[in-house]
Amino acid sequence: MTVITPPLQELETNTSSENLLARASMSVMDTYKRVPIVFEFGEGCILRDTEGKQYLDFVAGIAVNTLGHAHPRLTEALSEQCAKLMHCSNLYWTEPQIALAERLTQASGLSRAFFCNSGAEAVEAALKLARKFRSADVGPDCTQIIAMTDSFHGRTYGALSVTGQSRYHVGFSPLLPDVTHAPFNDIDALRAKITSCTAAVILEPIQGEGGIRPADPNYLRAVRALCDETGVVLIFDEVQSGVGRTGRLFAFQQTGVRPDILVLAKGLGGGFPIGAILASERVDAFTPGDHASTFGGNPLACVAAQTVLDVIAEEDLLSNVITRGKQLREGLLMLQQRYPDAIHDVRGVGLMQGVELTSPVESIVTECRRRGLLLVAAGANVIRFVPPLIVRKEQIAEALSILESALVQLSSVYHQ
Ligand SMILES: *Cc1c(COP(=O)(O)O)cnc(C)c1O
């Protein structure tokens, strides 16, 4: 008889970071450009690696850890729900899914929710819903989707096809047909692309991966008017900007322009995977059998999201985002004044800020990390600041001071 699994003692149990990193490339696919650090513990805005080194975390799992790490409320709520019921399938109902749908629809002014597990999966649901609605409403040829240049919507085929950055497309053709891209913030270009075959327009109210670029409020109002005129479904991808990051629960509330479909994920579960779409009554065209997700809206994920919403309200985190966002923005603008040769632009809303450098950001990100601050790029020249929404005054000050030291250090290296 052939033995197909190795005996247990042959599996590695050494977990030093050196050993883990040596093992990683043998067993994990090469899809990420990773920093050779292995993290083990987190608390609030602090992460600790297996060597005991601490970092101030201004990445927050890429705008995911809304409440920071190991928030006691989230830990407790998840443990309790785990012991009660983790999963039972959408063949049946659970109270957490219904309650979360009620809260999200009430908060957004939209009508009903569909739950899934990630941003890309939520974008897929939005695209399918838009095509279903428009083909039923107008006709089967009404399939065109207009997305924005420099946008990012995820890595599955539909989401990848609407993503407006060709570097993500290389090697994966053919993409979804009937997708076209218009320049962001250009209403005339969008108007010129809309036809009687258009199903949907999809955009990020603040482009995230594309370099932290907020939409002009007048542009959003004009897009809304154009979609109202033509019946085209307006989709806002708030996977990154949603759930409090801008100082409102959803970024669209800053401008008063409500989409027909709102796409959420990242920060919604505070670190637990969950994605969602919320749709207006007009476009809510799914019927049983149209769409599904095995794990979507499972009680554990829905309790995580409810707890995130609870803590945002109870700890008044939206006020914290506004105050700390202002502190961060003013500090970054000050640095721009001091180092105009290094910093080209500062832009963003609340705790979603970007600093566009005059050179590639990698050396600054690396130097900040060496000094104990975690940052992530958004495109080639932009450093992104998306700390947990619980970030404190002295932590913003510390991040600004580390960034300044890194700028000084690298400019002295360049100018030698
Ligand atoms: C991250 C992101 C996605 C993709 O989310 P995944 O959970 O990685 O699939 C989609 N849209 C936007 C705006 C994002 O920032």
Side-chain angles (χ1 to χ4, degrees), residues 29 31-34 59-66 114-130 145 147-165 167-169 172 175-176 179 181 184-185 200-215 220 234-246 250-252 254 259 261-278 293 295-298 301 304-305 308 347-354 376-379 382-387:
M29 281 191 196
T31 54
Y32 305 97
K33 207 170 122 198
R34 302 199 213 222
V59 175
I62 314 190
V64 165
N65 299 99
T66 312
F114 172 83
F115 293 107
C116 53
N117 311 285
S118 68
E121 201 188 349
V123 168
E124 300 294 335
L127 298 176
K128 281 182 71 177
L129 179 59
I145 293 160
M148 299 295 139
T149 310
D150 295 327
S151 63
F152 182 85
H153 299 289
R155 307 303 199 114
T156 53
Y157 263 106
L160 183 64
S161 304
V162 289
T163 290
Q165 302 183 61
R167 65 193 171 105
Y168 292 112
H169 297 163
F172 301 114
L175 299 177
L176 198 66
V179 172
H181 292 89
F184 191 48
N185 273 333
V201 170
I202 180 167
L203 63 84
E204 298 155 88
I206 303 172
Q207 287 191 336
E209 307 298 316
I212 314 292
R213 295 172 199 281
L220 288 185
L234 179 55
I235 304 170
F236 280 179
D237 179 346
E238 288 219 37
V239 167
Q240 194 159 156
S241 62
V243 197
R245 189 139 292 280
T246 60
F250 309 113
F252 80 78
Q254 304 271 3
I261 304 176
L262 180 66
V263 185
L264 300 173
K266 288 202 168 88
L268 182 58
F272 198 91
I274 180 169
I277 61 167
L278 306 168
S293 171
F295 294 120
N298 98 13
V308 167
R347 52 179 183 254
V349 184
L351 287 176
M352 185 172 178
Q353 296 287 334
V376 59
V382 180
I383 318 179
R384 165 168 37 178
F385 294 75
V386 285

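The basis for the numbers below is simple: all heavy atoms, side chains too, and nothing from hydrogens, waters or symmetry mates. Counting starts at 1 for both ligands and their atoms, following the listed order. These numbers come from a predicted model, not from an experiment.
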Q | Closest non-hydrogen atom pair, His169 against Thr163 | A | NE2-O, 3.0 Å

**Q.** Exercise: identify the closest heavy-atom pair between Leu220 and Pro205
**A.** CD1-CB, 4.5 Å

**Q.** For atom 6 (P) of ligand 1, the protein heavy atom that lies nearest, with its residue and separation
**A.** Gly119 N, 3.5 Å

Q: Look at atom 11 (N) of ligand 1 and say whether a protein heavy atom is found at less than 4.0 angstrom from it.
A: yes

**Q.** Val263 to Ala126 - nearest heavy-atom pair and separation
**A.** CG2-CB, 3.8 Å

Q) Which residue supplies the protein heavy atom nearest to atom 1 (C) of ligand 1, what is that atom called, and how far is it? A) Lys266 NZ, 1.5 Å

What side-chain donor-acceptor pairs closer than 3.5 Å can you find for residues 117-124, not counting sequence neighbours?
residue : atom : partner : partner atom : Å
Asn117  : ND2  : Glu121  : OE1          : 3.0
Asn117  : ND2  : Ser293  : OG           : 3.1
Ser118  : OG   : Glu121  : N            : 3.2
Glu121  : OE1  : Asn117  : N            : 2.9
Glu121  : OE2  : Ser293  : OG           : 2.9
Glu124  : OE2  : Thr156  : OG1          : 2.5
Glu124  : OE2  : Gly158  : N            : 3.0
Glu124  : OE2  : Ala159  : N            : 2.8

Q | salt_bridge(Arg213, Glu204) N-O dist < 4.0 Å | A | no

Q. What residues, two or more places apart in sequence or in another chain, satisfy side-chain contact (heavy atoms from CB on, under 4.5 Å) together with Leu176?
A. Arg131, Ser161, Val179

Q) By number and element, which atoms of ligand 1 are closer than 4.0 Å to a non-hydrogen atom of Gln240? A) 15 (O)

Q. In ligand 1, which numbered atoms sit nearer than 4.0 Å to a non-hydrogen atom of Asp237?
A. 10 (C), 11 (N), 12 (C), 13 (C)

Q: State the atoms of ligand 1, each with its element, that fall below the 4.0 Å cut-off from a heavy-atom position in Ser118.
A: 7 (O), 9 (O)

Q: Answer side chain, backbone, both or neither: which part of Glu204 comes under 4.0 Å from ligand 1, heavy atoms only.
A: side chain

**Q.** Nearest protein heavy atom with distance in Å, relative to atom 9 (O) of ligand 1
**A.** Ala120 N, 2.7 Å

